[in-house]
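These figures come from a predicted structure and were not determined experimentally. Values below: all heavy atoms of this structure, side chains included; hydrogens, waters and symmetry mates excluded. Numbering of residues begins at 1 and proceeds along the displayed sequence.
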Amino acid sequence: MLLENKQVAIIGGGPGGLTLARLLLLQNVDVKVYERDLNKNARVQGSPLDLHDDSGLAAIRKANLFEEFRTNFMPGADKTLILDEQAKVFYSDHETNLKEDFDNAYFRPEIDRGVLRKILLESLQPETVVWDSHFISMEPQNEGWLLHFKNGLSVYADIVIGSDGTNSKIRPYITDIKPFYSGITMLEGNIYDSEKAAPQLHSVIKGGKIMAFGNEKNILMGQKGDGALGFYASFKADENWSIYSGLDYADKEQVLEWFKKAYPEWSTVWHELFENVSVPFIPRAINCIRLDQTWETLPNVTIIGDAAHVMPPFAGEGANMAMLDALELSENLTSDQFATIHEALANYESNMRERASKAAEESLENGEKMHSKDSLKTMLEFFS
């Protein structure tokens, strides 16, 4: 096996990095995950993920974690409501939505991000994840790399795999191509115990998802597994809007006043979100890879997930692509198909860039449709 007697370092413990670690451990590879979080409970998890049969779920199955996933997924969390700015329901699949049909390739079961992370973490050997390891830099040493972390730790690895997200510090070692701003910004909020804190919208969403469209702006909402409600105000803005908006994101009254001015046609029903949010809000400029990106493969370092192909969330492909990266990369590195690690990485990167480009293009197109003047009509036609 190509990785025999090799030390593999994965930078970043998101879905892609943890899935890759699990798959490599099943092949008895010496692998460590270096994660900047202080511990497993440090990260605030976003909205649930819907896993797709040929990517995220395929990786789960290969990792021998399907039964754990099936036990912990959220039946009905993919139920969808489409509303206008006045909170009038125009589409609902609550009566026809499949509760469970894993034999259906179009079934996209949702799972809470925190729960998925817990499943993956518990599948790893003790000490696989090295917490509080904020990557700073690395330098060539022998046939591999010497990695340096903010906490003073320095470790050697034969192969380095960057799974450290949009602002990856591993990516610049591979390419100087940077993602571009999509033109859309999302303001993220979370409401804990939404049944009590936001009863009106909690009674509407009924454990599923809401997409509301109006005036080239959106509100997107999803129920989390812990009773919390995650929501996003999504709109077109300057790339540096979050810096120059003048908003104190820890002041929900101030953000509510902004919402009233930025979304003037929208019903006061939506104010419940902003009045009961657990601050601070998180502004997110939505970036995307260049669809034609390419680079020369290095012999001992590569990237997966958002580090390789960040894309807008409007096709639900981000985490699925990351987990598929993990699946394909692990198979390349642990099979006898390639003569060298370099060849295995080159094949993975070529295939990854091609499929990620298609997914990113779809995400960009969906983003434009969802933020167009006719967004409600367009999305109703799509779902119908």
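Judged purely by distance below 3.5 Å, without hydrogens or angles, the side chains of Asp132 and His134 never pair a donor atom with an acceptor atom. Residues Trp145 and Asn300 bring a donor and an acceptor atom of their side chains to less than 3.5 Å of each other. One side chain, Glu349 or Thr302, offers a donor N or O that lies under 3.5 Å from an acceptor on the other.
None of Ile60, Leu65, Asn72 except one satisfies the side chain to side chain contact (heavy atoms under 4.5 Å, CB included) rule with Leu116; the exception is Ile60.
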Table please: side-chain donor-acceptor pairs of residues 273-283 below 3.5 Å, with sequence neighbours left out.
| residue | atom | partner | partner atom | Å |
| --- | --- | --- | --- | --- |
| Asn276 | ND2 | Ala197 | O | 3.2 |
| Asn276 | ND2 | Glu272 | O | 2.8 |

Which pairs of donor and acceptor atoms, one on a side chain in residues 373-384, lie under 3.5 Å apart (sequence neighbours left out)?
| residue | atom | partner | partner atom | Å |
| --- | --- | --- | --- | --- |
| Ser375 | OG | Ser372 | O | 3.3 |
| Thr378 | OG1 | Asp374 | O | 2.9 |
| Ser384 | OG | Leu380 | O | 2.7 |

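The salt bridge (charged side-chain N to carboxylate O under 4.0 Å, His left out) pairs that include a residue from residues 199-213 are Glu110-Lys209, where partners are two or more places apart or lie in different chains. Among residues at least two apart or in separate chains, ring-ring contact (aromatic ring centres under 6.0 Å, His included) pairs with a member in residues 325-371 are Phe314-His371. Judged as a salt bridge (charged side-chain N to carboxylate O under 4.0 Å, His left out), not a single pair has a partner in residues 293-322 (not counting sequence neighbours).
A 6.0 Å sphere centred on CD of Glu195 holds no more than 12 heavy atoms belonging to other residues, nucleotides or ligands.
Qualifying ring pair (Phe, Tyr, Trp, His ring centres under 6.0 Å) partners for Phe235, counting only residues two or more places apart in sequence or in other chains: Trp241, Trp258.
Using a 4.5 Å heavy-atom threshold, the side chains of Ile10 and Lys32 count as separate.
Residues Tyr34 and Phe149 bring their aromatic ring centres within 6.0 Å.
With salt bridges taken as basic N to acidic carboxylate O contacts below 4.0 Å, one links Glu188 and Arg284. The pair Glu35-Lys40 fails the salt-bridge criterion, with no side-chain N (NZ, NE, NH1 or NH2) lying under 4.0 Å from an Asp/Glu carboxylate O.
Ring geometry, Tyr263 versus Trp266: the interplanar angle exceeds 60°, so the pair is classed perpendicular (tilted spans 30 to 60°).
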Subject >> Check against salt bridge (Lys or Arg N to Asp or Glu O under 4.0 Å), Glu122 and Lys118 >> reply: CA-CA 6 Å; Glu122 291 181 350; Lys118 184 173 183 288; 2.8 Å; yes
